[in-house]
*Asks:* 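Have a look at this one before I ask anything.
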Amino acid sequence: MRNLTLAASTLTVIQNANVTATTIDLDENVIYATSERQNLDGEVEVEIWKVDSDETSRPSLFAIFSTVASSEGSVTHQVVSLRVLPDTRRLSVIMRGGDITMVAIDEEPTVDVEGTVEPGILAASWSPDDSLLVVITGEAKLILMTSTFDVLSENPLHATEFGEDAQINVGWGSKQTQFHGSLGKAAAQAPAISNVGSSPDDDLIPRVSWRGDGAFFVVSALSPAGESFRRRILRVYDRNAALQSTSEDIPGLEHNLVWRPSGNLIVGTQRFGFEGGGAGREGRHDVVFFERNGLRHGEFSIRAEDLTPITKKSDGRKWGYKVRELSWSSDSNVLGIWIEGDEGDIVQLWIMGNYYWYLKQEILAPTYSSDQPGRFTSVAWHPEQALHLMLTTPTEIIRRTYEWDVFASISQPPIDSGAVAVLDGSNILLTPFRVQNIPPPMSSCKLTLTSRESTTSKRLGTPIHASFSSTSDLLAILWESGRAELWSLHTRLQVGRGKVMGPSMVWSGQVGGGDARQYRQIHVSSADALGASTSLVVLSTDRGSDILTVLDLADFKPPKDVNTLPLPYRNCRLVTEDRKITCQGPGGEILQYNAEENRVLPVARFPEFCFYSRGIPSSSSEGVEEVPPVVVYIGLGRSGKLHISNEKSTHILAHNTTSFTVASGFVIFTSTTHEATFVPIQSFHMFLNTSNEGLKPSTTDWEVRRVERGSRIVTAVPSSMSLVLQMPRGNLETINPRPLVMEVVKQDLNAGNYRKAFFACRKHRIDLNVLVDHDQETFLTRISSFVEQIHEVDHINLLLAGLGRGSQPPETIAKLCDAIRVELEAKDLKKYVNSILTAYVVKTPPDHESGLAILLRLRETDPDLVEDAVKYIIFLVDADRLFDTALGMYDFSLVLMIAQYAQKDPREYLPFLRELRALDKYHQRFRIDDHLKRYSSALRNLSLAGPDFFADATAYVELHRLHEEALKIWKNTEHYNAVLELYGDWLFERRDFRQAASIFIKAQNDPKAMVSHEKALEWQELFDLAVRVGMPGDEVVSTAYRIAEDLGSKKRHSEAARVLLDYAKDIREAVIALVQGNLFSEARRIVTMTNKPELLENIIHPGALESCAQIMEDVNECKEQLRKQVNRLRELRIKKVEEPDAFYGIEDAVLHNVDVMTDVSMPASAFTRYTIAPTSVSKTSKRSSRSKRKMERKVGSGRKGTVDEEEYLLKSVTKLVGRFITVQDEARGLLPHLFQFTPEHYQDGLSMQQHLARFSTELEEGLEEIWKKPAEENPVDSWASRMEEAENNKRVNPIDKVLKPDLPSNSTWRMNLFDTE
C-alpha cells in the first residue's frame, strides 16, 4: 500500500558540457561528473567536473585530459567506468579506447594513465568493496585485476563449459517423461525453439554486474559472430573469475543486466514476437529474473501503453522505444528502468509487493526545444542513501530523493471511509477499509486515468501525488507537469451489497498554466461533507525556490483567482492539517499560510526535517469545551524519532518509530521492537509544558500491543475500531486494538447507545463490566433504557455473569444486580426469569434462597416455565448446593424437583427424606439444620421442640460450643441458670477464671465463683464474696495462706503481705513476704506499727544482707558477660575488615585450589556473588516451610562463627543494659536501709554502691566502643569501587539493625553519704 513520493530535487547546470557519467565521493559527499567532447584530431577530451552537496555552490572544473577514441562507431559514450577509490583517494576513469586513467582528488589534481588495453575496453566494473576490477576487452577476453591493476586472471569470454555448479543427472529420465502437471507437461513436450537470437534493440556491448556482497559477478555477452542467430548468454563468476554457472538459452534476451544488491535475483529484459525472440505476441516486452545458477525465476511485463504514445518506428528502435539500462536502489526495493523512446527518455521506478510489480513513478527527460526530444545520459542510484536517484542530461545533473508514503484518507467519523490509494502507472487502486479489506494487489475499485481532451483516450502517465479530503469524499490527483484532477468517490460507508465506490471526476485542469515548474504535492480540503467549496493547495518547485499555489473551487467550477506565494525555502513539504495550509521547511520549520497577508508565518519547529508530519488539535483540559484546542504538530524524522512540537517547545515521544497515524484521540506508532503504541493526545500538553520540567507523564501508562515483525501502519478507521498494518512482504493484517475499541465504546455509552456498545465489547472480547464501570451512577439511572435496548435474555445473562466475576466490592455487585433484577421483574417476570435467577446467583455471597423462592412463586401458575428455570439454575449452581438450599427452606416438593432435574440418585436422598417426614415439625427442622451444619438454627429449632429435648439441647450446646447462642435462647426461662452454669464450667475448663467467676455469680453458684476467683488471684473479690456468704474463720485463714503463697510465686509480694495481715493476721509471714519482695520500708513500718522489734533483727537485718549479696552477684555476672562479649565483638570486627569474604561466608578458603565442586558445596565467586547462581536458586526453591523456619531459628541463635553472631551479641548487650537498670532500681530501695542498719550493713552498702558505680562506668564505655561507627573514606571512582559499594550496600551493618540502648544518666539510686567515705 506504499507509494513513492518525491521529497526533494536538486538541479545542477554545467554550461556547454556533454555529461556522460557521474560518481559520488562518499567521504566528502561530492559528485564528480565527466564531460566528453571529440576534437578535430579524433581524440576525446574528457573534462571532470566537481559538484559539492551544497545547492548554492556552482560546479567547478576539476581536471581535463585527452585520450584516444574507440574505433566502435556505434558507441556514443567513451567513458566506460567512473569510480572514486576511497582507499587511495583517486578517481578511476576507464575509457573505451583502452586507457585506465587515475586522477588524485585530495591533492592538486594530477592525471596518470596506469595502463592501456590495446584492443580497447568494452565493459568494466569495480567490485562493491573497490578491491577488484573486471574488464572485458575488444578481443572478447575477461580480465580480473586488483585495485593496483595487477592481473589475477585472464580468460576467454566465450566459455564452452557450464561451470562448477553444473547440474548432476541422477537418472530420473528425460525432461519430457517427468511429471509437470497438466499445463507443465504440455509445455515440456512442446518442441524446443530452434532459433534463439537476440533483440533488434540490442546494443551488442557486453555488461558486467556485481552482487551486493562482492562474492560473485555476472557477465552478459552475445555469442561469437558468425552464427546466424547471435544470442545473449549470462555467465556467473566468483571473485577469482572462476566460472560458476551459465544461463539457459533465452530467446530475445537483451543487453540490460543488473544484479539485485540483496543477491537473490539477476535482472534482464526479453523481447517477444519476432524470429529469434521469445514465443508470444509481438510487442510484448518483459523484465525477466534469473537465479545465480542461471535458471529463470519469474518476470513482469513492461506496460507499453503507459509510455509516450508511439507515432513512428525508427531504424534504431523497431518498436518506438527500447530499454537502455536497468538499476537497483541500494536497499534492493526499487528497480529503475531507463527507457529510450522516439518522443524522449523515461525512467520508470517499479516496486514489488505481495509478488506483484507496481509502476510507481515516471521521470521524463527535460526538453529544451520542440524538435529535439529530451535524453538522459546516465542514471544511477546513490550507493548509501536508498531512495536517492541521480540522472544526467548533456548539461544537467538532476538529483531526486524519494520517500515511502501512504495515500490514506484522514476523514473523521461519521464519514471516515478508511480509503487508501495505491498508484500503479496510470491506474489508482482504491480500497475503503471501513467496509472492505481487500488484500493487495487486488482492490475495491480500479480508477484508470485517461485524457478527455481527445477521442484517443490518451493516457496521462503516472501521477506524482494524490491526496484525500479530510472533510468530504474527494480525491485529488497531481501530475508532475502540473495537471490536477478532482474525483468524487461516492464511497458506500455501510456494509452490504452493491457497489463500494463509484468515482466520478468533478474537476480537472492545469494548476500553473503550463509553466515549466516541477509539481510534487497536492492537498485538498472542503468546507463541508458535500465538497461544494473546495480548496486545492499545490506545492511546486522552480529553479530558485518552492512555490505554493492555492486554488479555490466553488461548485467545482474553474477558479477565477489563483493565489501564488513563493516560499523562503526549497524542498518544502505540505503538512496535513484540517482547514489550514501549513508547510515544513527543509530544516524542520513549520510555516502557516496567512491568506489575508498572503505570506507564511512560523508557528513551530521540529529539530529535524520530518517527511511524515501532521497537525492535530490537543486540548489541555479533557472534557472542558470552553478551552480552545491548541494545534500540536507531530512528525517522524529519518532518525526514527517521533517529535511533537508547538510554538513554545518540542519533545521526543519515541526514538525507534517506523510509522504513525492519528485516530480516536491517540497517536498510534509502530517501532523497531515490533510493537504498536497508543499515546493519548490529551497528554501532549504535559510533555510540551516548559514549566512542568521534572513532572513529565510516565510513558509506562501507554497502551502497547505486539505486532508482527516489520509491520507498518497503513491507516486507522475510527468508526470500525480497526488498525490496518502491512507486513514487509506486502500482505495486510487488520486488528482491533483495545484503545480504539474503548474510545468508540465510551462514546456510545455517553450517548446512551448501550446496544452498540454491548455488541462492540462482545465482538472484541472486552470485559462487559466496562458498560457499568464507565459511569456507574448514570448506568443506574438508565437501567430501563438498557433493558429496552438489550432485550435478549442471553445477553443480559452475559452481562450479569461478568458483573459477578468483576473486581468491584461485593456491596457494589449486589447493588447493581438488585437494580437490574428489580427492573426485569417490573418489565416481565416470566420472560426474564432466567436473568432474575442469574442476578441472585452472581452476587457475593449468592442468594440461592431468593432465587428458589422465585420458582415457588411461579410453580403454581406456570409449571412449564419453572421446569426450564430449574434446569437453568442447576446449570448455574452446583446441584448439591441447590439441593441443600432447598432442603434448608423446609420445602420437600422443591427438594424433590431439584433432585429430579439434577439427576441425583434416589437411593441417596429418598431414605433421608422419609426419615425426616416421620419427625415432628421442629425436630424435623433441627435434623435438617444439623445436616446442613447450621448449628445455631438447629439449636433454636431444638429448643422449640419442647422441654423433653432440653437434655439433648445441652449436649448439643457442649458439642458445638453454642453457649452464647443458648443464653439468648433460654433467657428468662427456668433453664437459664442451668445454661449459665454450663457456660461457666466451659469457661473454667478453658482457664478463663475471671469470666467463669462472673458467670457463676450470675448463676448464683457461690462456691464455684469463689474457686474461680481464687484461681484468677482476684483476692479482693474472693474475700468480699467469702464474707458475704459467711465463710467460717478457719476456712478464711487457710484460704488466705493459699492465695498469699500463689501471689508470692507471681512476685506480687506487697499483695501477699496485705492478705496475710488482713485475713490470716500473721505479722511475721507478712514481714517475710515484704522482705522477699525487697520492700524494706513497708516491712519496717509494719514492725513499728505492730510493736514487734524482734522481727527487725530476726528477719529484716538478715534479709537486707541477703539482698545486698544477691545484687553483688548479679553485677558480677553482668560484668563477666560484658567483658566476654566486648572482646568477641573486637575479634569479629577485625576479621570483618581483614577477611570480609571469609567473614560473610562468600568463599571457602579451603576450596581455593579445587577445580571440581559439587552442586551442593559450590559457593559464589567474587564475580558470581553479584548475580543469582542457578544452583543457589534451585536450592532455595527446594526449601520447605519447615526448613525455612529452622533456618530462621538458626539465624537468631547467633551460633559462634556465623554471619549473624555480631547481631546476636549486640542484642545480648542490649538485654544486659536492661538487666542492669533493674539491678539499679533494687539498689535504690536497699541502700538507705543498709546505711541505717548495723556497721556491717553500712560496709556492705558502701561496697555495693562502689561496685555498681564502677560497673556503670565500664558498661558506658563498652557501649560507646560497641556502637561507634568507623569513619567513611571517599574511594576513587572506578569499576571495582562501584562493585564494592554495591556489595557493601547488600551487607547491612548490625549496628544499623540493633539500636544503641540508653543507660540512665541520673544517680538517684546512689546514697550520697556513701560517696563521702
Side-chain angles (χ1 to χ4, degrees), residues 407-417 419 421 428 430 432 447 449-453 460 463-493 501-515 517 519-540 546-567 572 574-583 591-601 614-615 617 631:
F407 301 153
S409 173
I410 59 170
S411 55
Q412 299 301 312
I415 63 170
D416 53 328
S417 62
I428 296 183
L430 298 169
L447 180 61
L449 305 173
T450 60
S451 174
R452 285 159 176 77
E453 298 175 357
L460 299 173
I464 191 73
H465 194 261
S467 174
F468 289 91
S469 172
S470 60
T471 55
S472 61
D473 197 18
L474 294 177
L475 172 66
I477 307 170
L478 178 68
W479 281 262
E480 194 169 0
S481 61
R483 178 178 176 80
E485 293 182 358
L486 193 62
W487 290 74
S488 179
L489 300 179
H490 303 288
T491 306
R492 174 169 54 83
L493 298 179
M501 278 185 170
S504 61
M505 189 172 64
V506 294
W507 179 85
S508 65
Q510 190 71 24
V511 175
D515 55 6
R517 288 189 227 156
Y519 296 84
R520 69 171 184 274
Q521 192 178 6
I522 188 171
H523 272 191
V524 57
S525 62
S526 304
D528 52 22
L530 299 177
S533 178
T534 303
S535 296
L536 293 180
V537 182
V538 181
L539 183 64
S540 59
D546 283 2
I547 297 175
L548 197 66
T549 305
V550 181
L551 292 82
D552 294 324
L553 305 178
D555 295 328
F556 306 117
K557 296 179 180 179
K560 297 181 180 180
D561 297 325
V562 177
N563 296 328
T564 302
L565 176 66
L567 297 178
C572 296
L574 292 178
V575 178
T576 304
E577 186 176 356
D578 290 343
R579 299 180 182 177
K580 291 183 180 180
I581 302 174
T582 311
C583 63
L591 308 172
Q592 197 168 92
Y593 175 67
N594 189 325
E596 297 178 356
E597 302 179 8
N598 195 29
R599 64 176 183 148
V600 291
L601 302 175
R614 186 168 175 182
V631 176

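Predicted model, so just to flag it, every value in this text is computed and none were measured. The analysis underlying the following values was restricted to heavy atoms, covering all of them including side chains, and did not include hydrogens, waters or symmetry mates.
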*Asks:* Answer with yes or no after comparing the ring centroid distance for Phe407 and His465 against a 6.0 Å cut-off, counting only values under it.
*Replies:* yes

*Asks:* To the nearest 0.5 Å, how far apart are NZ in Lys580 and OG in Ser525?
*Replies:* 12.5 Å

*Asks:* Backbone N or O of Thr471 within a donor-acceptor pair of the Ser469 side chain at under 3.5 Å?
*Replies:* yes

*Asks:* So, taking the atom named CZ in Arg614 and the one named CG in Asp578, what distance separates them when rounded to the nearest 0.5 Å?
*Replies:* 7.0 Å

*Asks:* Quick one: are Leu447 and Met501 in side-chain contact, heavy atoms under 4.5 Å?
*Replies:* no

*Asks:* Of Leu536, Thr534, Leu474, which is the lone residue that meets side-chain contact (heavy atoms from CB on, under 4.5 Å) with Trp507?
*Replies:* Leu536

*Asks:* Would you say the side chain of Trp479 lies within less than 4.5 Å of the side chain of Glu485, judging by non-hydrogen atoms?
*Replies:* yes

*Asks:* For side chain to side chain contact (heavy atoms under 4.5 Å, CB included), just list the numbers for Gln592 and Thr582, CA-CA rounded to whole Å, side-chain angles, deciding distance to a tenth of an Å, and then say yes or no.
*Replies:* CA-CA 4 Å; Gln592 197 168 92; Thr582 311; 3.7 Å; yes

*Asks:* For the residue pair Asp552 and Pro559, establish whether any side-chain heavy-atom pair is separated by less than 4.5 Å.
*Replies:* no

*Asks:* Taking the side chain as everything from C-beta on, heavy atoms only, tell me whether Leu539 gets closer than 4.5 Å to Leu567.
*Replies:* yes

*Asks:* Is there a donor-acceptor pair under 3.5 Å between the side chain of Gln521 and the backbone N or O of Ser467?
*Replies:* no

*Asks:* For the backbone of Thr491 and the side chain of Asp473, can you confirm whether one donor and one acceptor N or O come within less than 3.5 Å of each other?
*Replies:* yes

*Asks:* With rounding to the nearest 0.5 Å, note down the distance linking CG in Leu591 to CZ in Arg599.
*Replies:* 11.5 Å

*Asks:* Are side-chain heavy atoms of Asp546 and Leu548 found at a separation under 4.5 Å?
*Replies:* no

*Asks:* Give me the one residue out of Ile522, Ile477, Leu478 that meets side-chain contact (heavy atoms from CB on, under 4.5 Å) with Pro463.
*Replies:* Ile477

*Asks:* With the side chain counted from C-beta on, respond yes when Trp487 and Met505 share a heavy-atom pair under 4.5 Å apart, and no when they do not.
*Replies:* yes

*Asks:* Could you walk me through whether Tyr593 and Val537 pass the side chain to side chain contact (heavy atoms under 4.5 Å, CB included) test, one step at a time?
*Replies:* CA-CA 11 Å; Tyr593 175 67; Val537 182; over 6 Å; no

